[in-house]
Amino acid sequence: LYVPPPRPKTVPRPRLIERLNDGLNSGCKLNLISAPAGFGKTTLVSEWLASSSLPAAWLSLDEGDNDAARFLTYLVAALRTLAPEAGAGVLAALQSPQPPSIESILTNLINEISAIPDDFILVLDDYHVLDSKPVDQALTFLVEHLPAQLHLVITTREDPPLPLARLRARGQLAELRATDLRFTAPEAVDFLNRVMGLNLSAEDIAALETRTEGWIAGLQL
C-alpha cells in the first residue's frame, strides 16, 4: 500500500517523466505503462511520484487479488492512505451477509472518491498478475466513471482487458511501452559506467546496447 522509495542510484529519465506528466495534464483517464519484465516500470513510476506535486495512493497487486471483494477492499485501503474516511460504505457493503451488486458498490465508491477535495494519483502496480473477469469488469466500470480528481496509473507486463481502443480514440489514454522504456545510448552509458561502476569503453557500451536492444535487465545481467 506504499509507494516504493526511489532507488539511491538510478538513471534520470526526464523524457519519460515528461510523458507521464503530459498524460496527467492533458486530462487522460489512464496512464498505462505496459512492457515485459525488466524494463523499469515500477522504478520509473516511483521516481515520477517522488518529483510530482500530487499525492499518490499505491496498490501492489498479487494473485490473491483475483477475488473482486478482496481487490476492492485493498483498493479502498490504498485510498485510505490519503483519505482515511474514504470507502467506509464500500467496506460495510462488502462485509454484509448479502452484499449488493459490484456495480452498486462501485457507484458508492465513485461517489466517495468524488468527495475527496484534491487531485491525486492511484497506481495499480503489476496488474498482469490478475486473471479475473469480475475484477476487469469492476476496473472498466471505474475507469469509465472516473472522478475528475483521480488520475489512474497501471503498470503491467501485458495489456489489461480494458476498453483501451475506446479510451485511445477519445484521447483519454496515455501509453508508455517497451520501445519507450528501452535505454537510449546515453542512458546505457550512464547506467553501465556510473550506476554499475564498470568504466567500459564507448565501443563496448555500444555493443552491449545493440545486443540487448536497450533492455535494462539485460544490460544489468
Side-chain angles (χ1 to χ4, degrees), residues 1-7 10-61 65 71 74-75 78-79 81-83 86 106 109-110 113-114 116 118-130 135-184 187 216:
L1 296 178
Y2 299 96
V3 181
R7 296 182 179 183
T10 57
V11 175
R13 313 200 76 186
R15 62 187 177 88
L16 299 182
I17 298 294
E18 185 177 355
R19 291 272 299 275
L20 290 169
N21 284 330
D22 287 345
L24 201 66
N25 297 329
S26 64
C28 289
K29 287 190 172 186
L30 173 61
N31 256 324
L32 177 67
I33 304 159
S34 180
F39 276 92
K41 300 181 292 295
T42 299
T43 299
L44 173 65
V45 175
S46 71
E47 291 175 0
W48 172 52
L49 295 180
S51 67
S52 174
S53 60
L54 292 184
W58 185 284
L59 178 57
S60 294
L61 298 163
D65 298 318
F71 171 78
Y74 278 112
L75 184 64
L79 294 173
T81 63
L82 299 180
L106 287 169
L109 177 61
I110 289 165
I113 292 172
S114 298
I116 298 175
D118 301 316
D119 284 16
F120 68 96
I121 298 166
L122 171 63
V123 179
L124 301 180
D125 192 32
D126 287 341
Y127 195 83
H128 59 270
V129 301
L130 301 187
V135 171
D136 293 335
Q137 290 173 336
L139 188 59
T140 296
F141 185 88
L142 181 62
V143 168
E144 290 182 337
H145 301 86
L146 209 63
Q149 62 267 56
L150 195 166
H151 306 280
L152 183 62
V153 178
I154 293 177
T155 74
T156 180
R157 295 181 185 176
E158 56 189 36
D159 283 4
L162 302 175
L164 299 181
R166 185 160 69 244
L167 292 172
R168 193 179 292 118
R170 293 175 177 172
Q172 297 174 334
L173 176 66
E175 304 170 79
L176 287 177
R177 300 191 171 274
T179 52
D180 306 302
L181 296 168
R182 297 182 195 281
F183 271 164
T184 61
E187 287 172 340
I216 300 170

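We count residues from 1, following the sequence as given.
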Exercise for the section: Dump the intermediate steps for side-chain contact (heavy atoms from CB on, under 4.5 Å) on Arg166 and Arg170, then the final yes or no. Expected result: CA-CA 6 Å; Arg166 185 160 69 244; Arg170 293 175 177 172; 3.4 Å; yes

Handout entry: Straight-line distance of Ile17 CD1 to Arg15 CZ, nearest 0.5 Å
Key = 10.5 Å

Exercise for the section: State, yes or no, whether a side-chain contact exists between Ser34 and Thr156 at a heavy-atom distance under 4.5 Å. Expected result: yes

Practice task
Indicate the atoms forming the closest heavy-atom contact of Pro160 with Leu164, along with that distance.
Solution key: O-CD1, 3.9 Å

Exercise for the section: Decide yes or no for Phe71 and Leu61: does some side-chain heavy atom of the first lie under 4.5 Å from some side-chain heavy atom of the second? Expected result: yes

Exercise for the section: Answer yes or no: is there a donor N or O on one side and an acceptor on the other, between the side chain of Lys29 and the main chain of Leu152, under 3.5 Å? Expected result: no

Handout entry: Gap separating the CG atom of Leu142 from the CG atom of Leu162, nearest 0.5 angstrom
Key = 10.0 Å

Problem - Nearest heavy atoms of Pro4 and Thr42, plus distance in Å - result: CG-CG2, 4.1 Å

Practice task
Could you tell me whether a side-chain N or O of Lys41 sits under 3.5 Å from a main-chain N or O of Pro36, the two making a donor and an acceptor?
Solution key: yes

Problem - Check: Leu54 and Leu49 side chains under 4.5 Å, non-hydrogen atoms - result: no

Exercise for the section: Given side-chain contact (heavy atoms from CB on, under 4.5 Å), test Trp48 with Asn21 step by step and report yes or no. Expected result: CA-CA 9 Å; Trp48 172 52; Asn21 284 330; 2.8 Å; yes

Handout entry: Those residues that, when tested against Phe183, pass ring pair (Phe, Tyr, Trp, His ring centres under 6.0 Å) (two or more places apart)
Key = Phe191

Problem - Arg13 (side chain) donor-acceptor with Glu187 (main chain) under 3.5 angstrom - result: no

Practice task
Give the minimum heavy-atom separation between Leu106 and Phe141, together with the two atoms involved.
Solution key: CB-CD2, 3.6 Å

Practice task
May I ask you to check whether Tyr127 and Asp136 show a side-chain donor-acceptor distance below 3.5 Å?
Solution key: yes

Exercise for the section: Show your working on side-chain contact (heavy atoms from CB on, under 4.5 Å) between Leu32 and Arg177 and close with a plain yes or no. Expected result: CA-CA 8 Å; Leu32 177 67; Arg177 300 191 171 274; 3.8 Å; yes

Handout entry: Non-hydrogen side-chain atoms of Ser60 and Asp126 separated by less than 4.5 Å
Key = no

Handout entry: Exercise: identify the closest heavy-atom pair between Cys28 and Ala174
Key = SG-N, 3.9 Å

Exercise for the section: Output yes when a side-chain donor or acceptor of Gln149 lies under 3.5 Å from a complementary backbone atom of Ser114, and no otherwise. Expected result: yes

Practice task
Answer yes or no: is there a side-chain heavy-atom contact under 4.5 Å between Leu24 and Ile121?
Solution key: yes

Fill in the blank from the handout: Nearest heavy-atom approach of Asn31 to Gly23 is OD1-CA, 4.0 Å

Problem - Any Leu109 side-chain heavy atom under 4.5 Å of Leu79 side chain - result: yes

Exercise for the section: Report the C-alpha separation of Thr155 and Val45 in whole Å, then their side-chain angles, then the decisive distance to 0.1 Å, and conclude whether the side-chain contact (heavy atoms from CB on, under 4.5 Å) test is met. Expected result: CA-CA 9 Å; Thr155 74; Val45 175; 3.8 Å; yes

Handout entry: Min side-chain heavy-atom separation Leu150-Ile116 under 4.5 Å
Key = no

Problem - Nearest heavy-atom neighbours spanning Trp58 and Tyr2 - result: CD1-O, 3.6 Å

Fill in the blank from the handout: CG of Leu59 to CG of Leu124, rounded to nearest 0.5 Å, is 6.0 Å

Handout entry: With Ile33, the side chain to side chain contact (heavy atoms under 4.5 Å, CB included) member among Val123, Ile154, Asp180, Val153
Key = Val153

Exercise for the section: Decide yes or no for Leu122 and Leu75: does some side-chain heavy atom of the first lie under 4.5 Å from some side-chain heavy atom of the second? Expected result: yes

Fill in the blank from the handout: Distance col, row Ile216:CD1 vs Arg182:CZ, nearest 0.5 angstrom, shows 10.0 Å

Completion exercise
Rounding to 0.5 Å, atoms OG1 (Thr81) and CZ (Phe120) come to a distance of 9.0 Å

